[in-house]
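In what follows, residues are counted from 1 in the order of the sequence shown. It should be emphasised that the depicted structure is a prediction, and the values quoted were computed from it without experimental measurement. Just follow the structure's listing: the first ligand is 1, and inside any ligand the first atom is 1. What's counted below: heavy atoms across the whole structure, side chains too, no hydrogens, waters or symmetry copies.
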Amino acid sequence: MSVAVRRLEAGDEAALRAFLAALPAEDRTFIKEEVDDPGVAAAWVADQRTVRGLAVEGADVRGLAAVIPGVGWSSHVGELRLVVDRSHRRLGVGRALAQWSVLQSIELGLRKLAVEVVAEQEAAEALFRNLGFEPEALLRDHIRDRDGNYRDLLVLSHHLDANWSGMATLGLGG
Ligand SMILES: CC(C)(COP(=O)(O)OP(=O)(O)OC[C@H]1O[C@@H](n2cnc3c(N)ncnc32)[C@H](O)[C@@H]1OP(=O)(O)O)[C@@H](O)C(=O)NCCC(=O)NCCS
């Protein structure tokens with residue numbers, strides 16, 4: 001069965017809760033929200049400001065993306081958060097969610113989309129670089145993992161451009 005990416009909508013609450021509950025603790029940190037809260041799925045469906053996308057396979061959620069628009073002097077900047085179910089990685093789900101998120105960001109009128117990854121985490125960095133994101137900042141010891149080890153945080157950004165060259169970078173030129 002193939003995986004499709006679409007916006008989170010009313011009726012997705014149970015499948016989203018199941019996806020979040022199955023995420024290992026380490027992967028929950030990428031969402032940076034209280035995913036243990038039983039009301040979180042309903043709150044996300046009701047939230048019109050953040051654009052959330054699901055990668056769905058039949059009735060099951062395999063991945064989640066969120067584009068969170070900034071406020072004030074960063075209202076032109078979005079933050080992207082992305083996580084894929086471990087048993088469905090390396091199948092193109094993360095790339096599809098990231099491409100969808102870039103297009104959503106353009107539709108929102110954002111000029112820039114930033115994503116924070118753990119430095120030296122090859123998978124995430126390669127995925128975003130291939131879509132035209134560029135490393136912009138390295139924050140030393142910005143992450144403390146569950147074992148108490150410090151890791152660097154890498155910020156990658158995509159300067160959004162609604163013209164063909166931007167689309168081509170995304171692999172969507174055709
Ligand atoms: C990063 C993440 C979203 C990738 O999801 P995915 O569905 O496995 O990614 P894809 O299958 O779409 O891979 C797209 C490309 O990324 C790169 N990539 C993905 N996983 C990789 C790995 N383990 N090693 C090296 N490159 C990798 C490859 O270039 C890959 O293209 P290819 O398969 O054609 O070679 C997933 O590993 C994840 O959820 N990680 C934890 C959360 C996280 O780091 N989120 C990012 C910041 S919020």
Side-chain angles (χ1 to χ4, degrees), residues 1-8 15-36 40 44 47 50-58 60-70 74 77-105 108 110 112-147 149-158 160 167-174:
M1 192 179 287
S2 63
V3 176
V5 176
R6 61 164 175 79
R7 190 158 179 167
L8 173 71
L16 177 59
R17 269 197 299 274
F19 170 78
L20 294 173
L23 283 180
E26 193 187 330
D27 288 353
R28 290 176 184 208
T29 60
F30 292 101
I31 298 173
K32 294 203 266 179
E33 288 186 70
E34 227 13 279
V35 296
D36 291 334
V40 78
W44 286 359
D47 174 11
T50 294
V51 174
R52 291 187 174 84
L54 298 182
V56 290
E57 187 179 30
D60 297 317
V61 176
R62 304 302 190 203
L64 170 71
V67 175
I68 302 145
S74 292
V77 181
E79 183 192 342
L80 171 59
R81 297 177 194 164
L82 179 61
V83 68
V84 173
D85 173 64
R86 289 193 174 203
S87 60
H88 291 81
R89 288 190 185 165
R90 221 55 213 268
L91 299 171
V93 175
R95 185 194 290 115
L97 279 165
Q99 287 172 327
W100 182 89
S101 301
V102 173
L103 291 174
Q104 294 296 313
S105 302
L108 283 174
L110 298 174
K112 180 175 175 181
L113 185 62
V115 64
E116 297 179 352
V117 305
V118 183
E120 291 164 11
Q121 203 226 5
E122 201 186 330
E125 190 178 336
L127 186 161
F128 293 115
R129 276 180 182 266
N130 287 340
L131 291 178
F133 284 76
E134 290 178 352
E136 213 170 42
L138 184 71
L139 307 184
R140 300 234 174 255
D141 293 346
H142 210 75
I143 297 166
R144 188 170 54 201
D145 68 21
R146 284 154 47 78
D147 299 324
N149 301 313
Y150 291 98
R151 314 271 302 269
D152 297 345
L153 176 81
L154 177 66
V155 182
L156 297 126
S157 295
H158 199 311
L160 302 168
M167 294 299 189
T169 314
L170 261 185
L172 299 174

Q. Is atom CD of Glu134 surrounded by more than 12 heavy atoms (other residues, nucleotides or ligands) closer than 6.0 Å?
A. no

Q) Should Arg52 and Asp47 count as side-chain neighbours, where that means a heavy-atom distance under 4.5 Å? A) yes

Filter the ligand 1-protein atom pairs down to N or O on both sides and distance under 3.5 Å, then list them.
{"residue": "ligand 1", "atom": "7 (O)", "partner": "Gly94", "partner atom": "N", "Å": "2.7"}
{"residue": "ligand 1", "atom": "8 (O)", "partner": "Arg90", "partner atom": "N", "Å": "2.7"}
{"residue": "ligand 1", "atom": "11 (O)", "partner": "Arg90", "partner atom": "N", "Å": "3.3"}
{"residue": "ligand 1", "atom": "11 (O)", "partner": "Leu91", "partner atom": "N", "Å": "3.1"}
{"residue": "ligand 1", "atom": "11 (O)", "partner": "Gly92", "partner atom": "N", "Å": "2.8"}
{"residue": "ligand 1", "atom": "12 (O)", "partner": "Gly94", "partner atom": "N", "Å": "3.3"}
{"residue": "ligand 1", "atom": "12 (O)", "partner": "Arg95", "partner atom": "N", "Å": "2.7"}
{"residue": "ligand 1", "atom": "29 (O)", "partner": "Asn130", "partner atom": "ND2", "Å": "3.3"}
{"residue": "ligand 1", "atom": "31 (O)", "partner": "Arg95", "partner atom": "NH2", "Å": "2.8"}
{"residue": "ligand 1", "atom": "33 (O)", "partner": "Arg90", "partner atom": "NE", "Å": "3.2"}
{"residue": "ligand 1", "atom": "34 (O)", "partner": "Arg95", "partner atom": "NH2", "Å": "2.9"}
{"residue": "ligand 1", "atom": "35 (O)", "partner": "Arg90", "partner atom": "NH2", "Å": "2.9"}
{"residue": "ligand 1", "atom": "39 (O)", "partner": "Val84", "partner atom": "N", "Å": "2.8"}
{"residue": "ligand 1", "atom": "39 (O)", "partner": "Arg89", "partner atom": "NH2", "Å": "3.2"}
{"residue": "ligand 1", "atom": "44 (O)", "partner": "Gln121", "partner atom": "OE1", "Å": "3.4"}
{"residue": "ligand 1", "atom": "45 (N)", "partner": "Leu82", "partner atom": "O", "Å": "2.8"}

(Q) So Val3 and His88, do their side chains get closer than 4.5 Å, heavy atoms only? (A) no

Q. Are the charged groups of Arg151 and Glu26 less than 4.0 angstrom apart, N to O?
A. no

Q. What residues form a side chain to side chain contact (heavy atoms under 4.5 Å, CB included) with Val5, not counting sequence neighbours?
A. Ala55, Ala96, Leu97, Trp100

Q) Rounded to the nearest 0.5 Å, what separation is found between the CG atom of Leu80 and the CD atom of Glu116? A) 10.5 Å

